[in-house]
Number of protein chains: 2
Amino acid sequence: MYRIGELAALYDIKADTLRFYEKHGLLSPSSRSDSGYRLYNQDDSERLKFILRAKAVGFSLNDIADLLSIEVDKSNRACAEVKGLVDTKLEQVEAKLAELQHFATSLKSLSNTCCGGPDSAEHCSILEALESSDQHIIAKKEHHHFSHSGHKD
Amino acid sequence: MYRIGELAALYDIKADTLRFYEKHGLLSPSSRSDSGYRLYNQDDSERLKFILRAKAVGFSLNDIADLLSIEVDKSNRACAEVKGLVDTKLEQVEAKLAELQHFATSLKSLSNTCCGGPDSAEHCSILEALESSDQHIIAKKEHHHFSHSGHKD
DNA sequence: ATAAACCTTAGAGTTTAATCCAAGGTCAAG
DNA sequence: CTTGACCTTGGATTAAACTCTAAGGTTTAT
């Protein structure tokens with residue numbers, strides 16, 4: 001059995017984080033000491049490991065709650081459900097990736113056209129591009145056709 | 001002169017967004033009507049265009065405040081300052097890009113090893129990978145050596 | 001003159017994932 | 001029996017960029 005600080009140290013996270021996960025239904029200690037201290041057993045520890053791995057591949061805590069609900073009832077759940085969560089997340093990650101790649105391309109163009117010297121920014125090509133939206137420097141955002149949410153406009 | 005709703009419609013944003021930008025010092029209307037309505041002129045509109053373009057290349061509103069403070073005092077500011085902001089942002093974007101690419105790689109591996117069928121998830125390879133952290137499926141996060149902040153661990 | 005569409009304000013809510021705080025209880029060592 | 005390290009709780013705070021609400025004032029058209 002681990003107390004909260006011990007389990008936290010084991011995974012290099014804060015005790016606060018464990019309390020946070022508990023509040024959000026991800027991980028509750030299997031028991032409490034007489035004085036009310038949280039006591040985590042090996043299963044709790046495994047569950048935490050699962051959570052941290054899922055985080056490491058990009059799942060949000062909400063996603064992880066869904067994954068855990070399947071994990072604890074595996075035999076009555078379908079592979080397709082699990083794969084669906086992974087594929088949905090992959091789409092989200094790839095959408096974000098595309099946006100950031102667009103940012104990176106634009107920023108590189110901006111950086112390359114600027115002298116970067118100590119002289120006045122009066123004719124700075126970066127500022128001019130932001131004033132005039134030079135097509136050569138700031139790429140236009142593509143409009144994607146997939147409509148299935150994800151946006152907040 | 002535009003009223004808030006008119007300017008918002010012009011750039012396909014919400015009036016709320018303009019009030020938000022004002023509260024955060026990015027854009028204030030150059031005047032008010034007798035009854036207190038915000039009135040934006042052409043310069044205000046240009047400034048808004050600048051803000052939206054900067055957003056489109058990945059700058060946060062805080063970054064944009066910095067950019068604007070240089071823009072309005074161009075002749076006393078150096079090109080190097082502007083380029084510095086761009087290069088810093090580029091580094092941040094590339095760091096995030098690396099993280100998301102790592103996520104995408106792992107998620108693709110997970111997806112590829114799973115049958116995705118309607119049968120029980122009891123032996124689902126995705127869940128197994130999250131339970132055991134299969135080295136072949138979940139890539140390990142590299143430890144970058146650049147120390148200049150940016151993380152939240 | 002009244003309804004619809006627009007505007008005003010302050011302030012609360014959203015999302016994500018913690019992190020921090022205060023006031024107090026517990027436990028082991030000396 | 002006291003010190004220090006640990007634990008408890010509820011609630012506030014952070015960052016980012018809005019978005020919404022409530023309660024009310026203004027403008028325009030019929």
Side-chain angles (χ1 to χ4, degrees), chain A residues 1-29 31-40 48 51-68 89 92-93 96 99-100 103 149-153, chain B residues 1-29 31-40 48 51-52 54-68 89 92-93 95-96 99-100 103 149-153:
Chain A
M1 297 297 244
Y2 310 101
R3 279 182 311 175
I4 194 166
E6 289 166 348
L7 187 64
L10 211 54
Y11 290 96
D12 200 27
I13 60 178
K14 300 262 182 76
D16 272 337
T17 302
L18 288 171
R19 291 193 198 95
F20 180 80
Y21 288 172
E22 182 175 348
K23 190 159 59 183
H24 292 270
L26 295 179
L27 176 65
S28 296
S31 58
R32 294 275 184 146
S33 73
D34 289 348
S35 54
Y37 285 17
R38 288 167 178 80
L39 294 174
Y40 297 88
L48 178 55
I51 292 168
L52 297 177
R53 280 179 194 138
K55 256 174 66 73
V57 301
F59 285 109
S60 71
L61 299 187
N62 275 330
D63 300 329
I64 295 172
D66 293 342
L67 281 170
L68 283 168
K89 181 54 55 180
Q92 290 167 8
V93 167
K96 191 75 186 173
E99 185 187 23
L100 290 181
F103 288 165
S149 78
H151 289 256
K152 31 186 170 185
D153 292 345
Chain B
M1 300 297 244
Y2 310 102
R3 278 183 309 178
I4 195 168
E6 290 166 349
L7 186 64
L10 210 55
Y11 290 96
D12 199 28
I13 60 178
K14 300 261 182 78
D16 272 337
T17 302
L18 288 171
R19 291 193 198 95
F20 179 80
Y21 288 172
E22 182 176 348
K23 190 159 60 185
H24 286 74
L26 295 179
L27 175 64
S28 295
S31 57
R32 293 276 183 146
S33 73
D34 288 349
S35 55
Y37 285 16
R38 288 167 178 80
L39 295 173
Y40 297 89
L48 178 56
I51 291 167
L52 296 177
K55 256 174 64 73
V57 301
F59 285 109
S60 71
L61 299 188
N62 276 330
D63 299 329
I64 294 172
D66 293 343
L67 282 171
L68 283 169
K89 181 54 56 179
Q92 290 167 8
V93 167
K96 191 74 185 173
E99 185 187 24
L100 290 180
F103 288 166
S149 80
H151 287 256
K152 29 187 169 183
D153 291 345

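Values in this document were obtained by computation on a predicted structure and should not be read as measured data. Each chain gets a letter, A, B and so on, in the order its sequence line appears, and its residues count up from 1.
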In terms of side-chain heavy atoms of [X], which of [options] is nearest?
X	options	value
R38(B)	dT8(C), dC18(D), dT19(C)	dT8(C)
S35(A)	dC27(C), dG25(C), dC6(C)	dC27(C)
N62(A)	dA17(D), dT16(C), dT26(C)	dT16(C)

Is the phosphate of [N], meaning OP1 or OP2, less than 4.0 Å from a side-chain N or O of [X]?
X	N	answer
R3(B)	dC6(C)	no
R19(B)	dC7(C)	no
R32(A)	dT9(D)	yes

Non-hydrogen side-chain atoms of R3(B) and R38(B) separated by less than 4.5 Å: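 They are not in side-chain contact.
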
4.5 Å side-chain heavy-atom contact, T17(A) and Y11(A):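 They are not in side-chain contact.
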
Value in whole Å for how far the [atom2] atom of [N] lies from [atom1] of [X]:
X	N	atom1	atom2	value
Y21(A)	dT16(C)	OH	P	14 Å
L52(B)	dC18(D)	CG	P	9 Å
M1(B)	dC7(C)	CE	P	15 Å
I4(B)	dT26(D)	CD1	P	17 Å
H24(A)	dA17(C)	NE2	P	10 Å
L27(B)	dA17(D)	CG	C1'	16 Å
L39(A)	dC6(D)	CG	P	16 Å
K55(A)	dA17(C)	NZ	C1'	7 Å

Show me the protein contacts with nucleotides 20-23 of chain D, counting only N or O atoms at under 3.5 Å.
none

Along DNA chain C (nearest heavy atom to each residue), the more 5'-positioned of F20(A) and G36(B):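 Per heavy-atom nearest nucleotide, the more 5' residue is G36(B).
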
K96(B) and E99(B) ion-paired at < 4.0 Å: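 Yes, this pair counts.
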
Sugar-phosphate, base or nothing in reach of K23(A), heavy atoms under 4.0 Å: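 Touches nothing.
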
Which value, rounded to the nearest 0.5 Å, describes the distance between [X] atom [atom1] and [Y] atom [atom2]?
X	Y	atom1	atom2	answer
D63(A)	Q92(A)	CG	CD	6.5 Å
I4(B)	E22(B)	CD1	CD	7.0 Å
F20(A)	L26(A)	CZ	CG	8.0 Å

Criterion side-chain contact (heavy atoms from CB on, under 4.5 Å) against Y40(B), the qualifying member of L18(B), L48(B), L10(B):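 Answer after filtering L18(B), L48(B), L10(B): L18(B).
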
Pairwise 5' ranking along DNA chain D for Y37(A) and L61(B), keeping only the more 5' one: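 The 5'-side residue here is Y37(A).
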
5' precedence on DNA chain D between S60(B) and D34(B) (nearest-nucleotide basis):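 In this pair, the answer is S60(B).
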
Y2(A): ring-ring contact (aromatic ring centres under 6.0 Å, His included) partners, not counting sequence neighbours: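 With neighbours one apart ignored, the set is empty.
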
